[in-house]
Protein chains: 2
Amino acid sequence: MKKQPGKPVTLAHIAAAAGVTPMTVSRVINESGYVNAATRERVRRVAREMNYRRNGLARGLKRQRTETIGLVLGDIANPFAAELSRGVREILEQRGYTLFICISEHSAKEDVQAFDSLADHRVDGVIVATRASRLGNERLQELIDAGIPVSLIGRDFRHPHADLVTADNLKGGYEATTHLIKLGHRRIGFIGVSLTKSVGLRRFQGYLEALNEHGLLIDEKLIVGNRDGNDQMPGYSTEEMGHDGMTKLLSMKKRPTAIFARNDFTAVGALNAIQQAGLSVPRDVGVVGYDDIPLASHTSPPLTTVRQPTREQGRVAAEFLLRRIEDGHDRPRAEQVFDCQLVVRESTKSDRIKS
Amino acid sequence: MKKQPGKPVTLAHIAAAAGVTPMTVSRVINESGYVNAATRERVRRVAREMNYRRNGLARGLKRQRTETIGLVLGDIANPFAAELSRGVREILEQRGYTLFICISEHSAKEDVQAFDSLADHRVDGVIVATRASRLGNERLQELIDAGIPVSLIGRDFRHPHADLVTADNLKGGYEATTHLIKLGHRRIGFIGVSLTKSVGLRRFQGYLEALNEHGLLIDEKLIVGNRDGNDQMPGYSTEEMGHDGMTKLLSMKKRPTAIFARNDFTAVGALNAIQQAGLSVPRDVGVVGYDDIPLASHTSPPLTTVRQPTREQGRVAAEFLLRRIEDGHDRPRAEQVFDCQLVVRESTKSDRIKS
DNA sequence: AATCAATATGTTAACGTTAACAGACTGCTT
DNA sequence: AAGCAGTCTGTTAACGTTAACATATTGATT
C-alpha cells in the first residue's frame, strides 16, 4: 500500500481524518495537555497510517527553537574529529538535541559559510572546532554578538560570551620536546609548519619554548612545512608532508637526530621516509607525533606521541553550550583547559645519539 | 558598538528603520523584482547595520524548500568518508545548496534517527552512505515513499525512486584475491568479517568467488572478524581488529601465506602484527588492503590495495539527487557502478611462497 | 493627450505549528 | 444546589517570510 507522494501530510490532514482539530492532534503528537485516551489512540493510528512527520520548520518558527546544534569541523578524515563529535553527540543525544555537522575544509571562507548556514537555519547553538582565521573570527564575533550561543574547541579566539574548551597543547609540545632533549637530542626538527606566516600553533610554540629553556639554538632549517606554505591542510594528507619534510631534513649535511611532528599522520610519513633512507627509528632518528590516534600504537616502531582527552573536550563543550542555551547570552564565559599526556613508545626509546 | 542580543532582527524591523515595507526589504535581500537603486542601498545599509540574518525556517516554510541537503555517514574518521563528502560538496556548493552531515556511528538505530532528523527539518534531499540494515531500510523505504528525494552510495538497497551509486566491490575483492592466487598463494585469509551473521560485504563475496573459481577450498578458520561479532565498527579502530585477527591467524599450525583485509586500516594492523611476530611482508605473508587511503603508500612496505573512485561517487550521487529534486519523485532510478582498480605495491611483491 | 510598457512599492494571505485562552462537561465536595 | 477542580476540546493569533496580485508613477510612443 504505497502512499502517493503528493503534498506532505500536515496536522490539519490528520485532524480531518480523525474528526478533531489540529490542536488536538498537536497535543497527541507532543504528548502535552489533556487528551482523551480513545481520541489519542485514534489520532495516533491515523498519524501512523498517513506516515506523518512533523514539520520542523513550522515548529521551530513558532517555538523559536529547533532543538538542533551545529558543529563546525575543519575536516572529517581524522580520528580527532571523530572523537570530538562522538563526545558532543553523547551529551546532545541524552538531552534531546540533534547534531548537524558542517565541514570547512580548513578554509576561512567556508568556515564563514558554515556559520552563516547554521545561523540562517536557526540552530540553537554552534560548536566551533576549526582553527582561527581573521575572516572566521570576525563573523564569529558577529554571531555571538547577535546572541547565538557558541562554544569553542581548541580555537584561539576569545569572547566574553562564548565558552572555550582547549587542551594545553603548548605544554604538550613543550613536554614532547623536553622528552627528546632529556634523551640527549640536541638537533631536533619540527615538521608541519611554514615559517612564512606567523605560526599560532600552540604545540609548535611549546617546541620553541622547550628549546629556548634548555639553551638550545633554534635552527630555522630544521623547521619544515609543506611546499605551498599552507599549514591548514586536511589531516589525512599530511602523511605526504611528513614524508617530504623528513626527506628534506635527512638530506642535510647536519641532519637532526630527532623530530617532533605536528600530528601523528605527519609522524607516520616521517617514519616511512626514514626507513626508506635506510635509517632506523629510534636508533638513527627519534620521532614524536601528536594526538595518539589508534594507528600510533600500530606503527613499527610504535609511535611516541602526545594524547589529549578528545572525547572529553567534545563532551564539555556540549555541556557548556547547553548550559548557555538555558541560561541565556549573558552568562559569563566558561573555560576549561585539559592536560595532555606524553605517551612514550618505541620511536624514541634509544639513548645512543649520534652527534 | 555592540548590539543588544535581544530578539533577532526581522524584515519588519529593517523595513521600519528604512521606511519601507517588509516586502521591499525581502526584494532587496533576495535580489528579486524591481527596487529603486537608492532604496536598495538604504535597505542594504540598514540591514548590514542591524546585522540581519534571514530566517531560514520562515523562508523554508513559505517556499516549501530549504536548499539544504543531508548526508548520512556511518563514521567520520576515515579518508573514505572525507572524500565522499568532498565530492558531494563540490556539486552542491556550485548549485547553491548547503550540506548538513549526520553520523550514525554504524548503528541502525542512529541511522533511523538521522533520517528522521533530516526529514523533520525538511532538507530537500538526503544522500545515504551507510551500510544497509533492516531497521534502516524500512525507514528509508518510508522516506522515499513519502516523496523525499534520496540518493544512495554503496548501500545494498534498491527502490524504484532512489538513485544508486556504487563501486564494484565484488569485482574489487575478486581481483585482489585473484592477484594473490596468481602469485602462488593457496592459503589466503580474510580479516574483517564475522561468520556469525550473514555477510553482505561485497568485497568479501568477491574473495569467496575468486577462491571458488580457482578451485580453492574455503577454510572458515582463515576468516576472522573481531571478538564481539560486530562488523560495523567505526573505520578508525579497525587497526586493532587487523592486529588481533592477524595474530590469531599466525598462531595456527598451518597459517595463511597471504591475507586480504577488509580495509586499509585493518591491513595496517595486520602488517604490524606480522612484523611483531618476527615475520616479514611480503616474504612470509602477503597483504592486500582496500580503499587506497593516503597512508597506504606510506607504510613499510607500501600496501597493495584496491582503489575506488570515492570523490567521483560523491559527485555523481549529488548530481543524481539534484536532478531528482528538479524532476520530481517519479523520475525512474538512475544507477551508476564504478570500477575499482587494483594498486600493486610492495606488500605482495614476493613470489616465493612457503607452503 | 491617450496608450503602453517598465519601474517601484504596497497589500493580502498563506506556509504548519503551537501558546494562550475559553468553553463545556464530568464527578465530587460542602 | 451551588461551587469547584479536573478533564477534554476548540478558537484565535502569531512566528517571519514570500507568491500573487494590486496600485502608483514614470517616461516613451503614437
Side-chain angles (χ1 to χ4, degrees), chain A residues 6-44 46-47 50-68 116 119-124 146-148, chain B residues 6-44 46-47 50-68 116 119-124 146-148:
Chain A
K7 298 286 105 190
V9 183
T10 70
L11 289 185
H13 294 142
I14 298 174
V20 291
T21 54
M23 192 59 226
T24 301
V25 181
S26 172
R27 280 192 267 254
V28 172
I29 302 287
N30 296 296
E31 303 188 336
S32 67
Y34 291 114
V35 180
N36 177 284
T39 310
R40 178 163 44 237
E41 265 329 294
R42 185 158 34 95
V43 169
R44 282 235 178 88
V46 175
M50 301 179 89
N51 200 5
Y52 172 75
R53 301 255 85 225
R54 70 172 163 216
N55 187 325
L57 302 179
R59 188 163 205 258
L61 179 59
K62 174 63 187 169
R63 303 179 62 208
Q64 298 289 76
R65 64 207 155 88
T66 53
E67 260 136 28
T68 274
D116 287 350
D120 284 0
H121 292 283
R122 294 299 191 262
V123 294
D124 291 340
I148 298 179
Chain B
K7 298 285 107 192
V9 183
T10 70
L11 290 185
H13 294 140
I14 298 174
V20 291
T21 54
M23 193 58 226
T24 300
V25 181
S26 172
R27 280 193 268 253
V28 173
I29 302 288
N30 295 297
E31 303 188 335
S32 67
Y34 291 114
V35 180
N36 177 285
T39 310
R40 178 161 46 237
E41 265 329 293
R42 184 160 33 97
V43 169
R44 282 233 179 89
V46 174
M50 299 178 91
N51 201 2
Y52 172 75
R53 301 254 87 226
R54 70 174 163 215
N55 187 325
L57 302 178
R59 189 163 204 258
L61 178 60
K62 174 63 187 168
R63 302 181 59 207
Q64 298 290 77
R65 66 206 153 86
T66 53
E67 261 135 26
T68 275
D116 287 351
D120 284 0
H121 292 283
R122 294 298 191 265
V123 293
D124 292 340
I148 297 179

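Quick note on labels: first sequence line is chain A, next is B, and so on, each numbered from 1.
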Interface limits on DNA chain C, where chain B has a heavy atom under 4.0 Å of a nucleotide atom: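 The contacted stretch runs from C:dA6 to C:dG16.
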Give, for atom [atom1] of [X] and atom [atom2] of [Y], the distance between the pair rounded to the nearest 0.5 Å.
| X | Y | atom1 | atom2 | result |
| --- | --- | --- | --- | --- |
| A:Arg27 | A:Met23 | CZ | CE | 4.5 Å |
| A:Ile29 | A:Arg54 | CD1 | CZ | 8.5 Å |
| A:Thr10 | A:Asn55 | OG1 | CG | 9.0 Å |
| A:Gln64 | A:Arg59 | CD | CZ | 13.5 Å |

Upstream residue (5' side of DNA chain C) when B:Met23 and A:Thr10 are each assigned their closest nucleotide: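 First, find each residue's nearest nucleotide; the 5'-ward one identifies B:Met23.
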5' priority, DNA chain C, between A:Asn55 and B:Arg27 [closest heavy atom]: B:Arg27
Positive for side-chain contact (heavy atoms from CB on, under 4.5 Å) with A:Val20, one of A:Val25, A:Val28, A:Asn36: A:Val25
Side-chain N,O (A:Thr21) to OP1/OP2 (D:dT11) below 4.0 Å: no
A:Thr39 vs D:dT9: side-chain N/O to OP1/OP2 distance below 4.0 Å: yes
Expected output: side-chain A:Thr66 to main-chain A:Arg122 donor-acceptor under 3.5 Å: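 A pair under 3.5 Å: yes.
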